Amino acid sequence: MTQRLTVIGTGYLGATHAACMADLGFEVLGLDADKDKIARLADGDLPFYEPGLEPVLRRGLDSGRLRFTTSYEEAAEFGDVHFLCVGTPQKTGEYAADLTYVDAAVGALAPLLHRPCLIVGKSTVPVGTAARLAGTVAESAPVGGDAVLAWNPEFLREGFAVEDTLHPDRIVAGLPGEQGAAEHAEKVLREIYRTMIAAGTPFITADYPTAELVKVAANAFLATKISFINAMAEVCEAAHADVTKLSEALSHDDRIGGRFLGPGLGFGGGCLPKDIRAFMARAGELGADQALTFLREVDEINIRRRIRMVDLARRLLGGSFAGRTVGVLGAAFKPDSDDVRDSPALDVAASIRAQGGRVTVYDPRAMENARRAQPSLDFASSALGAVRDAHAVLLLTEWREFRDMDPVEVSAAVAERNIVDGRNALDPERWRAAGWNYRALGRP
Ligand SMILES: NC(=O)C1=CN([C@@H]2O[C@H](COP(=O)(O)OP(=O)(O)OC[C@H]3O[C@@H](n4cnc5c(N)ncnc54)[C@H](O)[C@@H]3O)[C@@H](O)[C@H]2O)C=CC1
Ligand SMILES: O=C(O)[C@H]1O[C@H](OP(=O)(O)OP(=O)(O)OC[C@H]2O[C@@H](n3ccc(=O)[nH]c3=O)[C@H](O)[C@@H]2O)[C@H](O)[C@@H](O)[C@@H]1O
């Protein structure tokens with residue numbers, strides 16, 4: 001039975017995967033290029049916030065099944081299976097994905113592979129990457145054809161990472177073209193994911209390009225659904241209609257469904273925005289750019305949400321931010337995460353600051369990352385601290401703590417009772433009853 005797994009790249013995806021695989025009983029060695037991250041993980045100190053993950057990490061460490069290293073030599077020596085979980089961010093100034101980290105990881109690992117193993121790509125990559133990397137492995141692995149590559153894209157959501165890893169909706173296995181290698185890779189992956197398969201999780205085998213495309217197609221669909229409802233919000237604004245009612249009514253149609261139909265400030269994070277852009281860039285390289293021109297619109301609708309949020313706040317404050325104080329609730333790109341990559345909330349806060357407003361931000365978990373990303377903003381250590389003396393309060397990430405706020409209590413802190421609900425997370429009647437001027441995008 002396959003027992004020894006390495007996980008290369010221990011960020012949001014890799015740390016979760018490593019800890020969960022150890023919890024399933026495998027011996028796991030996590031590897032990252034970042035020494036500080038590895039030291040913290042080895043100490044049981046999760047370097048980011050993910051609900052429920054730290055106990056799983058500690059359990060793995062305590063059992064002795066989970067260890068961490070920065071050494072590729074150690075990883076190559078240890079692993080029967082090597083999971084690739086390094087980052088694939090957007091290139092600076094271009095839409096395309098930056099594959100530097102994936103190339104560096106495979107470039108470091110492959111020449112050290114002296115014994116048979118399976119390399120399993122989990123990072124989100126442009127279609128064609130797996131085939132190219134399989135070539136690199138074939139050229140440089142001393143063990144030759146006994147180092148096989150598979151691509152097994154990951155669909156976990158931050159905030160639900162442990163649950164999604166242990167109970168995925170589906171498992172997709174992109175297999176090599178050569179039959180013997182494909183059979184071997186499928187067998188090993190079925191063994192690794194056997195508890196999930198036994199529980200009924202669909203296990204879908206495909207060739208490399210199809211598996212790579214499933215991942216970006218899924219994120220493109222989710223982004224499109226969000227931008228669809230936000231486009232409806234723009235029309236609702238013009239027609240004085242209510243997009244939240246519209247969304248609710250649509251959601252009862254099973255063919256449409258209510259998930260990812262939440263109107264508001266739109267999508268951010270380290271995945272949806274960069275993935276749809278990388279998808280467009282890759283389709284262009286393949287000569288299929290026309291197929292994805294709609295994604296440019298999806299991206300633009302999404303970016304317009306942030307601009308419209310700033311416009312709405314400015315209008316509420318009489319046309320200018322100069323001399324005005326704005327309290328911003330939320331910095332993470334979504335609740336239950338400390339991730340501020342491409343965060344709509346921080347973008348809006350920074351833009352109001354750039355237009356002369358005094359902005360104070362509070363987030364339950366993302367303060368450290370937010371400070372690093374936007375050092376010119378002011379930060380408070382509580383929600384009430386952030387809204388103190390504010391002329392407008394903006395709710396931009398729908399943490400439970402903010403949804404549960406008592407409008408009467410908040411009234412005592414602010415200078416003026418103006419609130420913009422960027423995530424349609426509050427009950428307008430409750431806030432209006434407490435004397436607040438409640439506003440939201442796409443609602444009268
Ligand atoms: N964050 C998420 O929810 C999900 C992410 N993904 C994909 O997974 C990949 C990783 O994403 P995140 O974990 O969010 O990124 P991250 O930035 O949190 O983690 C990436 C890690 O890779 C490490 N790294 C970079 N180069 C390395 C190298 N040569 N050797 C060893 N380690 C190296 C970095 O130090 C970092 O710790 C991306 O392709 C992303 O699109 C897929 C599904 C979910
Ligand atoms: O490829 C990835 O990394 C991951 O990207 C997303 O997961 P994640 O970025 O963690 O967060 P989501 O829950 O998808 O939310 C993304 C953004 O959309 C926004 N959103 C979500 C839902 C909605 O109805 N409306 C809306 O504006 C959220 O506020 C957030 O900013 C996908 O949901 C995962 O399946 C995928 O694995």
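For the single chain, residues carry numbers from 1 onward in sequence order. Both ligands and their constituent atoms are indexed starting at 1 by order of listing. All heavy atoms count here, side chains included; hydrogens, waters and symmetry mates do not. As the structure is a computational prediction, the values presented were derived from the model and not from experiment.
Near Arg423, meaning under 4.0 Å from one of its heavy atoms, ligand 2 places the atoms 27 (O), 29 (O). In summary, the atoms of ligand 2 found under 4.0 Å from a heavy atom of Glu154, numbered by their order in the structure, are 37 (O). Which parts of ligand 2 touch Phe155 is read off a 4.0 Å heavy-atom cut-off, strictly below it: atoms 34 (C), 35 (O), 36 (C), 37 (O). Within ligand 1, the atoms closer than 4.0 Å to a non-hydrogen atom of Cys85 are 10 (C), numbered from 1 in the order shown. For ligand 2, the atoms lying closer than 4.0 Å to a non-hydrogen atom of Asn219 are 1 (O), 2 (C), 5 (O), 32 (C), 36 (C). Set against the non-hydrogen atoms of Leu31, the atoms of ligand 1 under 4.0 Å away are 31 (C). Interface atoms of ligand 1 facing Lys215, defined by a heavy-atom separation under 4.0 Å, are 43 (C). Applying the 4.0 Å criterion to heavy atoms of Leu261 picks out, from ligand 2, the atoms 24 (O). Contact atoms of ligand 1 toward Leu156: 3 (O), 44 (C) (distance under 4.0 Å to a heavy atom of the residue).
Given atom 6 (C) of ligand 2, the protein heavy atom at minimum distance is Leu272 CD2, 4.0 Å. Scanning the protein for heavy atoms near atom 18 (O) of ligand 1, the closest one is Tyr12 N, 3.1 Å. When only non-hydrogen protein atoms are considered, atom 31 (O) of ligand 2 lies nearest to Phe333 O, 2.9 Å. Closest protein heavy atom to atom 18 (O) of ligand 2: Phe267 CB, 3.2 Å. The protein atom (non-hydrogen) at minimum distance from atom 19 (O) of ligand 1 is Gly11 CA, 3.2 Å. In terms of protein heavy atoms, atom 22 (C) of ligand 2 is closest to Phe260 CD2, 3.6 Å. Nearest to atom 3 (O) of ligand 2 among the protein's heavy atoms is Cys271 SG, 2.3 Å. Among protein heavy atoms, atom 4 (C) of ligand 2 sits closest to Leu156 O, 3.5 Å. Looking only at protein heavy atoms, the nearest one to atom 43 (C) of ligand 1 is Glu154 O, 3.4 Å.
Scanning Asp103, Thr124, Asn219 for the heavy atom closest to atom 42 (C) of ligand 1 points to Thr124. When Glu158, His17, Lys35, Lys37 are ranked by how near their heavy atoms come to atom 1 (N) of ligand 1, first place goes to Glu158. Nearest to atom 9 (C) of ligand 1 by heavy atom, out of Thr88, Val86, Ile8, is Val86.
Glu398 and Arg403 are not joined by a salt bridge, as no carboxylate oxygen comes within less than 4.0 angstrom of a charged side-chain nitrogen. Salt bridge Asp342/Lys274: absent, no basic N to carboxylate O contact under 4.0 Å. Taking the charged nitrogens against the carboxylate oxygens, Arg115 and Asp146 have no contact shorter than 4.0 Å, which rules out a salt bridge. In summary, Glu191 and Arg194 do not engage in a salt bridge, as defined by a charged side-chain N under 4.0 Å from a carboxylate O. Salt-bridge check for Arg372 with Glu368: passed, with a basic side-chain N closer than 4.0 Å to an acidic carboxylate O. Under 4.0 Å is where a charged nitrogen must lie from a carboxylate oxygen, and between Glu234 and Arg304 at least one such pair does. Look at Asp103 and Arg132 and you find a salt bridge, because one of the NZ, NE, NH1 or NH2 atoms lies within 4.0 Å of a carboxylate O, short of that distance. The residues Asp43 and Arg40 are annotated as not salt-bridged, no charged nitrogen and carboxylate oxygen being separated by less than 4.0 angstrom. Using a cutoff of 4.0 Å between basic side-chain nitrogens and carboxylate oxygens, Asp62 and Arg58 are not scored as salt-bridged. Between Arg277 and Glu94, no side-chain nitrogen of the basic residue sits less than 4.0 Å from a carboxylate oxygen of the acidic one, so the salt-bridge criterion is not met. The pair Glu74-Arg67 meets the salt-bridge criterion, since a charged nitrogen lies less than 4.0 angstrom from a carboxylate oxygen.
For ligand 2, the polar-atom distance check against Lys334 finds a nitrogen or oxygen pair separated by under 3.5 Å. By the 3.5 Å distance cut-off applied to N or O atoms, Arg157 is not counted among the residues near ligand 1. Considering both main-chain and side-chain atoms, Gly268 comes within under 3.5 Å of ligand 2 through a nitrogen or oxygen pair. Checked against a 3.5 angstrom limit, the closest N/O atoms of Glu158 and ligand 2 fall inside it. Residue contacts with ligand 2: Lys215 is placed with a nitrogen or oxygen under 3.5 Å of a nitrogen or oxygen of the ligand (distance criterion only). Every N/O-N/O distance between Asp275 and ligand 1 stays at or above 3.5 Å. Taking distance alone, with nitrogen or oxygen atoms compared against 3.5 Å, Gly262 approaches ligand 2 more closely than that limit. Polar contact with ligand 1: present for Ala33 (N/O pair, distance under 3.5 Å). For the pair Ile226 and ligand 2, the shortest N or O to N or O distance does not fall below 3.5 Å. Checked against a 3.5 angstrom limit, the closest N/O atoms of Lys122 and ligand 1 fall outside it.
Here the options are Thr10, Leu31, Thr69, the test is side-chain contact (heavy atoms from CB on, under 4.5 Å), and the partner is Ile38; only Thr10 passes.
In this structure, Arg365 is not positioned above the aromatic face of Phe48 in the sense of NZ or CZ being under 6.0 Å from the six-membered ring centre and within 45° of the axis. Relative to the six-membered ring of Phe155, Arg170 meets both conditions, a distance below 6.0 Å and an angle of at most 45° to the axis. Judged by a 6.0 Å distance limit and a 45° cone about the ring axis, Arg157 is positioned over the six-membered ring of Phe160.
Residue contacts with ligand 1 include Arg341, since one of its heavy atoms falls under 4.0 Å from the ligand. Heavy-atom separations between Tyr72 and ligand 1 include at least one value shorter than 4.0 Å.
Residues Tyr49 and Asn369 bring no donor and acceptor atom of their side chains to less than 3.5 Å of each other.
At least one donor-acceptor pair under 3.5 Å links the side chain of Thr165 to the backbone N or O of Ala161.
At a 4.0 Å heavy-atom cut-off, ligand 2 does not touch Leu13 at all. Heavy atoms of Arg259 found under 4.0 angstrom from ligand 2: none, in either backbone or side chain. Contacts with ligand 2 closer than 4.0 Å are made by side-chain heavy atoms of Leu222 only, the backbone lying farther away.
Legend: residues meeting ring pair (Phe, Tyr, Trp, His ring centres under 6.0 Å) with Phe83, ordered by chain and number and at least two apart, are His17.
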